[in-house]
Structure formats: C-alpha cells, structure tokens
Amino acid sequence: MSSANAPRDPAQKKGPFAFWTERPLYVRIVVGLVVGVGLGLVLGPDAKTLDVPARLVLRLLGALAPALILVAVIQALLKADIRGGMAVRLVGLLALNTLVAIGIGLAVANVIRPGEGASLARPDRAPAVRGDVLTQILDNVPDSLVKPFVDNKVIGVVMLAIVFGIAMRRQEGHLRRTAEDLTALAFDCLIVVLHWVIALVPFAVMGKVASILGTSGFAPFVALGKFVLAVLVALALQATWYLVRIRIGSWVRPLHLLRGTRDALVMAFSTASSTATMPVTFETLKDNVGLRERSASMGALVGANFNNDGTALYEAMSALFIAQLIGVELSLWQQVLVIITSVVASVGAAGIPEAGLVTMTLVFTAVGLPTEYIALLLTVDWFLDRCRTAINVMGDMNVSCLLDGKTKQEPEAPPPEQPAVPAPTSSPEGS
Ligand code: ASP
C-alpha cells in the first residue's frame, strides 16, 4: 500500500536550487518581497517591466482555474455520502453561512474602504463592469459544453460540473470506479501543475512589488496593509457568527469546541489546506467534542468539500478592494454579482493552499475587473490563505455542531471503564 503519492523524490529535491526550493513558500515570498522593495527603490519607474512574471503567473492561474473547479466539484459530488432530510439541512446551513460570510466581507470592505486613496493607475482599457444581474446569470447558462472553459465563466463551469458529477454518481460498478479514478487522476495532475505555477509566485511578488513601488510609491502597500486588517476583522466577525450560532443552535459550548478542536484549527493555519486538515477536524469533533459520528462526518467530511466561507468572504472583499484601488465604484447590483460568483467560486475552490487565489480570477472576470491587479494580492495571500483556511475549517465545525442538535448523544452502551479487549466475544455481563 505504499502509494504512488508517498514521498517520491528526495534525490530530485537535492538539486542545485535546493537551498531555494526546500524553503517554505512563505519564506520564499518574503524574500521576493524584500528584493522587490530594493529593486523598486533603486530602479524607480524603470522597474515597470519587472511585472512580467506576475502577469505570467496570473495567466497560468486563470488557465488552471476552470479545470480545477470542474474536477474539484465532480470529485466532491462523487465522494459525498448525503441522504435524506439531513442533506437538505446541510445545504441550508452551508448556504446561510456562505451568504453571511460574503455579507460580512462586503460590509467591512464598504466601511473600512481599504483601497481608497491609493491612486493606483487605472488599466488602459476601462473595466467593463456590467450591472444587469439577470442578463449576467442567463449569459452564464452554457450554450456550449466548452465555452464556459474558454471564456473562464465560473458559474457555467460549476453548472456543468454539477450536472456531470450527478450523471457520474448514477454510474455503477466498474464505470463508477473508472469515473472516480479518472477524476482523482485529473485532480492530482492539476495540483502538480498548480504547484509548479505556485513555485513562480515569489518571483512574481518580487517583480510586482518592484514595479508598483517604482511607479506608484508606497501608497498601494499602505492600502494593502489596510486590506489585510480589514480581512482579519471580517474573518473574526465570521468566527463570532459561528460561535454564537453554535451556542444558540446546539448543545456544544463555544469554549469547549475551541478547546477540543484546537489541533484542527492550528493544523488548518499551518498547512493552509482544509482538505489536509479534514481527518483531524473529523476526529477532534467526534472524540474531543463528543459529536455524533454522523454529524461530525456530515460537516467535516461532506461539508468540507463544498463549504469555504473564508474563501468566499476573501474573494468578495478582494473584488471590492481592487475596484476601490483603481477608482471603480461597484454598484449594489454589481456587488450582488460579486456575491453570486464568490459563492460559486468558493464552492469550486478545492481545499488546498492558494485555491482561492486561483478561483478569484474567475470572480474578477465575471464582474469585468482587471485580473492583473490580483498580482498585488500575491504579496499577502500566503498569510491570508492560512487565516481563511482556519475559518473554512471552523465553518465545517459549525455545521457539524448545528446538525448535532440541542441534545448531547447518550454515552454508548459499553461503559467507558471497560478495558479495551480486542476479541468481540459475547459480553459476559449480558449487554
Ligand atoms: N486554502 C484554502 C483551504 O484549503 C482555500 C483557499 O485558498 O481559499 O480551505
């Protein structure tokens, strides 16, 4: 069972660039940032051309996004074990949490207005942010199976993913297994390629920081600092929402939850991957908090595949931030469009590091914002990714607790003191 995914290439890693590639990504990004500041100060406006790697990275992320969303949603649908009334409740809880997250994100971004006053140059072509939401939605219903991928239309891609995911679920026997294997293969390959692109991010950060500093000075970075603060405030509000809901709607007490699941939360922050954290989330909910296995698995294993509130909040805030930065006022309707696409994009965001950054390109495309400014966010995304991942995981915990209801499960029949004897022989005490 030594899987093909086992640590594969210790020898490969020891290449001439091992001193660089073996550093954690955030260290490489910070180095890129520092070098970028130096280059920007030295070169001034001449640093403008250094933003080529950032443009390249964004193109590549944009190219990977539709395929990643397609495969992630299909895979989640294939793996999901959802039945009956609990499924309906689950969907309701997920939808409410995501809408609250985006509402909080937009409200905080509208109040703090982190992007205002940074006077970043508008792009050459005026951003075509269209306001007719209904037409936008109808436009997104695919009239071709490939067009949503060509046009990078996130809503259309998710629609296709859901339809084909359900169709694949209906297959049986070897066809079903083939569908699962092929999806898993496609997902793994996409992640490998995504890692290659992510490896370029430190260089993109270096070039983008130099180019912005050289041409616009420090003002955009002050704005970026405000943006980071705004996102942290919004994520904290979202965490508060979860805990209040848990206190009101379940038997679990918030402090008990935080204490019991701290391993999962710390792991989410340190790995920036809610998928990697999933087993720990499940175990801690079940063993430390004491949720019923079914509720723990519904929230932590099923919900985790669709539930990325932190990501949704971040995508909505980023769109507003960049619009403020380039002096574009998004109308209420346009913000509604941001909401819809952020919900959809967060459903499609796989629980892996930087997935939100990938799907963000689709949110920007949908509302007509220029994706090149996402490059500015590369500088802080490594940190905000960790924070929003912790909130994504907390969202799964919230759903599990609410599904568990207001009464704690009765302790199981075997008394806790019973020695852990392996053989399940008939109980001498007669049950
Ligand atoms: N890293 C996040 C997660 O694993 C997804 C994202 O990039 O927003 O949940």
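Ligands are counted one by one from 1 in listed order, and the atoms in each one are counted from 1 as well. From a predicted model like this one, the values you see are computed outputs, not experimental measurements.
The residues K286 and D404 are annotated as not salt-bridged, no charged nitrogen and carboxylate oxygen being separated by less than 4.0 angstrom.
The protein heavy atom nearest to atom 2 (C) of ligand 1 is T389 OG1, 3.2 Å. The protein heavy-atom contact nearest to atom 1 (N) of ligand 1 is D385 OD1, 2.7 Å.
Considering backbone and side-chain atoms together, T275 places no N or O closer than 3.5 Å to any N or O of ligand 1. An N or O contact shorter than 3.5 Å is missing between L357 and ligand 1 by distance.
Each of I102, N392, L235 was compared with L313 under the side-chain contact (heavy atoms from CB on, under 4.5 Å) criterion, and only L235 meets it.
Shown here are the salt bridge (Lys or Arg N to Asp or Glu O under 4.0 Å) partners of R259, two or more places apart in sequence or in another chain: there are none. When the side-chain hydrogen bond (donor to acceptor under 3.5 Å, both in side chains) test is applied to T261, no partner is found at least two apart in sequence or on another chain.
Listed by number with element, the atoms of ligand 1 under 4.0 angstrom from any heavy atom of T311 are 5 (C), 6 (C), 8 (O). Residue contact check: G356 has heavy atoms under 4.0 Å from atoms 6 (C), 7 (O), 8 (O) of ligand 1. The contact set between ligand 1 and S274, taken as ligand atoms under 4.0 Å from a residue heavy atom, comprises 3 (C), 4 (O), 9 (O). For ligand 1, the atoms lying closer than 4.0 Å to a non-hydrogen atom of E354 are 7 (O).
Note that the CZ atom of F218 and the CG atom of L224 stand 12.5 Å from one another [nearest 0.5 Å].
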Audit row: N97, N398, side-chain hydrogen bond (donor to acceptor under 3.5 Å, both in side chains) steps and yes/no: CA-CA 9 Å; N97 279 348; N398 166 277; 2.9 Å; yes
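Within the 4.0 Å heavy-atom criterion, the part of I352 lying near ligand 1 is the backbone and not the side chain.
In this pair, W382 and Y26 present their aromatic rings parallel. The plane angle is below 30°, not in the 30 to 60° band.
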